Amino acid sequence: DGIYHVSTDYGVYTADYIFIATGDYSFPYHPFSYGLHYSEIQTFTQLKGDAFTIIGGNESAFDAAINLSQTGARISIYTSKTGLKKEVADPSIRLSPYT
């Protein structure tokens, strides 16, 4: 029906889009059949809907969440880890001061 249904241990969530924030921006990893990799998005204003699900927890995931939240959308992020406390400055490993 054009809506994604994400089943978790905490219930079922729905989303118009699912973003997969996996792999390096220049070398995206596509371990999925559906969804968009962060590098495939031209502008966040082109995306329609009011609920978005992001899978991943580093720079691309949080940057997408910030941009989408500025459109008034509800955002869910699912990740098993983030780079919040990493000491390496590489944005594929650690969050930047902006995010």
Side-chain angles (χ1 to χ4, degrees):
D1 61 359
I3 303 291
Y4 292 99
H5 302 271
V6 180
S7 297
T8 73
D9 292 341
Y10 302 101
V12 176
Y13 298 88
T14 60
D16 298 313
Y17 297 90
I18 296 177
F19 298 95
I20 311 297
T22 58
D24 189 277
Y25 183 87
S26 299
F27 305 100
Y29 175 54
H30 289 270
F32 48 85
S33 312
Y34 300 98
L36 296 170
H37 187 272
Y38 180 80
S39 65
E40 299 170 321
I41 301 165
Q42 297 296 316
T43 175
F44 288 96
T45 58
Q46 77 187 46
L47 304 174
K48 305 300 178 210
D50 62 356
F52 296 89
T53 299
I54 300 169
I55 300 171
N58 282 322
E59 187 67 19
S60 298
F62 283 93
D63 186 62
I66 289 167
N67 282 284
L68 289 167
S69 68
Q70 291 173 343
T71 69
R74 293 173 309 183
I75 313 300
S76 299
I77 297 178
Y78 294 91
T79 185
S80 59
K81 61 182 177 175
T82 70
L84 186 60
K85 297 181 189 244
K86 297 288 183 183
E87 295 191 19
V88 179
D90 182 345
S92 65
I93 298 171
R94 179 182 135 186
L95 298 178
S96 74
Y98 174 74
T99 53

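Keep in mind the model is a prediction, meaning the values are calculated, not measured.
Closest approach of Ile54 and Ala65 over heavy atoms only: CD1-N, 3.6 Å. The nearest pair of heavy atoms linking Ala73 to Gly49 is CB-O, 4.4 Å.
The distance from atom CG of Leu68 to atom OG1 of Thr45, rounded to the nearest 0.5 Å, is 10.0 Å. Residue Lys48 holds its NZ atom at 9.5 Å from OG1 of Thr71, rounded to the nearest 0.5 Å. A distance of 8.0 Å separates OG of Ser76 from CZ of Arg74, quoted to the nearest 0.5 Å. The distance from the OG atom of Ser69 to the CZ atom of Phe62 is 11.5 Å, given to the nearest 0.5 Å.
Counting heavy atoms from C-beta outward, Leu47 and Phe52 have side chains that approach closer than 4.5 Å.
Tyr78 is connected to Tyr10 through a chain of hydrophobic side-chain contacts under 4.5 Å among Ile, Leu, Val, Met, Phe, Trp and Tyr, so both are in one cluster.
Crowding of Gln42 atom CD: a count of heavy atoms from other residues, nucleotides or ligands under 6.0 Å not exceeding 12.
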